[in-house]
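Just dropping this structure here.
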2 protein chains.
Amino acid sequence: MTEFRPVSQAVEDYLKAIYRLEQREGKVTTTALALALHVAAPSVTAMVKRLHAMRLVRYIRYRGVVLTAAGRRMALEVIRHHRLLELYLVEALGLPWDQVHAEADRLEHVISEELEERIAERLGHPVADPHGDPIPTKAGQVKEPPGFPLSELNPGTAAVIQRVADQDPAKLRYLATLGLFPQVRVTLLEKAPFGGPMSLAVGETRCTLGGELARQILVVPVEAA
Amino acid sequence: MTEFRPVSQAVEDYLKAIYRLEQREGKVTTTALALALHVAAPSVTAMVKRLHAMRLVRYIRYRGVVLTAAGRRMALEVIRHHRLLELYLVEALGLPWDQVHAEADRLEHVISEELEERIAERLGHPVADPHGDPIPTKAGQVKEPPGFPLSELNPGTAAVIQRVADQDPAKLRYLATLGLFPQVRVTLLEKAPFGGPMSLAVGETRCTLGGELARQILVVPVEAA
DNA sequence: TTGTTTATTTAGACTAGCCTAAATATCGTT
DNA sequence: AACGATATTTAGGCTAGTCTAAATAAACAA
Ligand SMILES: [Mn+2]
Ligand SMILES: [Mn+2]
Ligand SMILES: [Mn+2]
Ligand SMILES: [Mn+2]
């Protein structure tokens, strides 16, 4: 029944990007895709036409693109691979958390369902990757975790980091030196106005963080200790 | 100095196939490559011209193809990936030994040198994969293990399996049910003439094996127990 | 509402890899 | 030494995915 056609790596990358843009921006334009995928706009136009013909998106000229149910299912499948792999590489092989994204971006397209399953099992069927991003289930369920940017936390409040939304290795390495990971508890001490730097207590130490980075760190407030 | 250009998956597969044919047959013809890679002969002609232009092989029209030093280095690099991955998938994730070949065939092209290194470390820098095939070193050294086909062993002699040269999953599953793996000790009891079936003692049990399969199992004789 | 800026698509081209059919070279035999 | 069989290459074509330059539609502002 469910007819099964294999799909190219490029197609999977487009679907993933479309999924992320739908989440973050609501609508998905040609230009946004071109930017996200580092290709020229006409390349995107050509590809979304193909995706439309494959019934993975609905595409209306000049109106952007929307995932179909089949397209969303495939996107989530690839994202599941990606996030399981990231976690596996960190947990089982000790790769640094700033490198696993790039590695997973290539591996996600080639692992079998069998291998995916073994990895999930070995990890105890985890629900989040090393950056706090939720891992879709086999059935395609995702629960985006709650949380808002650390930059909007009120001074004097404690919170637990849920997610680090940036994937730039340099930034991740820097955050690691500060001890800022998902599940870590922080207290906001002071905040300069207009997106300026903030000073934080992390465990025993304290640090200063620019507004840029603080916007990428999602937190949930907790009771003071 | 060593200029580093990335190479496509197709190129890596050709280099690997050329390497294997050089080992097994001595010379590498267009037809042999076409057969090995399941492509049409003219596709091979086109590709070996490109490989020649890239200085990965020397190609003379109608005369076949020979790996250059650079080509051999690349082939061994991919083979190293393949065999490390096969062993890792069996050891660390418990995949059945008949499935790891197909999985490794896709993964070998996308893992980073960093990940390769972690895997090798985790495995304790092994020298052979689950089928007994030698794992080239980082520097490109391979030592083909000794051994001759089980089909040529003399009746009454004991031997240790060095290598199972077949990679057909069905055959490998069958051999697994008989307990025939590398490092396993067997004794040849009887042998029918003209490549006919042979009866073996494997541990406590005995079994019968067709000449076809016996030719793919490489052994080294040992003292009787 | 008209004109300008910006986003998007069309047109046309290119590369890597693959294919089939036809031409040609090599090899093994007589 | 020549012939037929076999191996190999050439010729020509196709798809996926990319690009730049040019045309056009949509959005915004006066
Ligand atoms: Mn999957
Ligand atoms: Mn992640
Ligand atoms: Mn390598
Ligand atoms: Mn193997």
Side-chain angles (χ1 to χ4, degrees), chain A residues 4-18 21-22 24-67 70-71 74-75 78 105-106 108-110, chain B residues 5-18 21-22 24-67 71 74-75 78 105-106 108-110:
Chain A
F4 178 48
R5 53 232 170 291
V7 113
S8 74
Q9 154 157 185
V11 166
E12 292 187 343
D13 282 335
Y14 274 86
L15 293 175
K16 220 176 31 153
I18 293 167
L21 289 170
E22 277 189 2
R24 289 218 320 251
E25 320 286 334
K27 62 184 300 212
V28 183
T29 67
T30 299
T31 310
L33 272 174
L35 243 43
L37 292 163
H38 305 107
V39 296
S43 308
V44 174
T45 301
M47 180 58 104
V48 297
K49 284 178 181 173
R50 286 193 290 269
L51 295 176
H52 182 88
M54 294 185 242
R55 316 257 147 195
L56 297 173
V57 303
R58 277 198 59 229
Y59 163 62
I60 305 173
R61 283 193 350 167
Y62 293 102
R63 282 286 119 86
V65 92
V66 181
L67 286 174
M74 259 186 198
V78 180
D105 258 350
R106 297 186 310 272
E108 64 189 5
H109 307 291
V110 305
Chain B
R5 52 232 171 287
V7 114
S8 74
Q9 182 186 138
V11 165
E12 291 187 346
D13 283 334
Y14 274 85
L15 292 176
K16 219 175 32 150
I18 292 167
L21 289 170
E22 277 188 4
R24 289 218 319 252
E25 319 288 332
K27 62 184 300 210
V28 183
T29 67
T30 299
T31 310
L33 272 174
L35 244 44
L37 292 164
H38 305 107
V39 296
S43 307
V44 173
T45 301
M47 179 58 104
V48 297
K49 283 178 181 175
R50 287 194 290 269
L51 294 177
H52 182 88
M54 293 185 243
R55 316 258 147 192
L56 296 173
V57 303
R58 275 197 62 229
Y59 162 62
I60 304 173
R61 283 192 350 167
Y62 294 103
R63 284 284 121 88
V65 92
V66 182
L67 286 174
M74 261 188 196
V78 180
D105 258 350
R106 296 188 310 273
E108 65 190 5
H109 307 290
V110 305

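Only this structure's heavy atoms are used, side chains among them; waters, hydrogens and symmetry mates stay out. Please read all numbers here as calculations on a predicted model, not as lab measurements. Lettering of chains follows the sequences in order, A, B, ..., and the numbering in each one begins at 1.
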message = Applying side-chain contact (heavy atoms from CB on, under 4.5 Å) to B:L51 and B:V65, what does each step give before you reach the verdict?
response = CA-CA 10 Å; B:L51 294 177; B:V65 92; over 6 Å; no
request  = Check DNA chain C against residues 47-59 of chain A and give the residues with a non-hydrogen atom under 4.0 Å, in numerical order.
outcome  =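 Per residue number, the list reads A:K49, A:Y59.
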Below 4.0 Å: OP1/OP2 of C:dA7 and any side-chain N or O of A:R61 =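 For C:dA7, neither OP1 nor OP2 has a side-chain N or O of A:R61 closer than 4.0 Å.
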ask   = What is the distance, rounded to the nearest whole Å, between atom CG of B:L15 and atom C1' of C:dG17?
value =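 My rounded result for the distance is 15 Å.
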ask   = With sugar-phosphate meaning primed atoms plus P, OP1 and OP2, does A:T30 contact a base, only sugar-phosphate, or nothing at under 4.0 Å between heavy atoms?
value =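 Sugar-phosphate, no base atom in range.
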key: Heavy-atom closest contact (A:E12 atom, A:V78 atom, distance)   =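 In this case the closest contact between A:E12 and A:V78 is CD-CG2, 3.7 Å.
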message = Assuming nearest nucleotide by heavy-atom distance, tell me which of A:K27 and B:T45 is located more 5' along DNA chain D.
response =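 Between the two, 5'-proximity favours B:T45.
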ask   = At under 4.0 Å between heavy atoms, what does A:A40 touch on the DNA or RNA strands: base, sugar-phosphate, or nothing?
value =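 Base contact.
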ask   = Is there a donor-acceptor pair under 3.5 Å between the side chain of A:E22 and the backbone N or O of A:L67?
value =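 Judged by distance alone, yes, a pair lies under 3.5 Å.
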ask   = Is the closest side-chain heavy-atom distance between A:V11 and A:M54 below 4.5 Å?
value =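 Result yes, sub-4.5 Å side-chain heavy-atom pair found.
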key: Flag side-chain contact, heavy atom, 4.5 Å: B:Y14 against B:V7   =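 B:Y14 vs B:V7: side chains apart.
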key: B:K16 vs B:D105 side-chain heavy atoms within contact, under 4.5 Å   =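 When only atoms from C-beta onward are counted, B:D105 and B:K16 do touch, with a gap below 4.5 Å.
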query = Reckon A:Y62 has a side-chain N or O less than 4.0 Å from the OP1 or OP2 of C:dT10?
reply =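 It does not, given that no N or O in the side chain of A:Y62 lies less than 4.0 Å from OP1 or OP2 of C:dT10.
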key: Contact boundaries on DNA chain D for chain B, cut-off under 4.0 Å to non-hydrogen atoms   =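 Reading along DNA chain D, I get D:dA7 to D:dT10.
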key: A:R58, CZ atom: more than 12 neighbouring heavy atoms under 6.0 Å   =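 It does not: A:R58 CZ has 12 such atoms or fewer within range.
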query = Any side-chain heavy atom of B:V28 within less than 4.5 Å of one from B:V48?
reply =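 Side chain of B:V28 against side chain of B:V48, heavy atoms only: no contact under 4.5 Å found.
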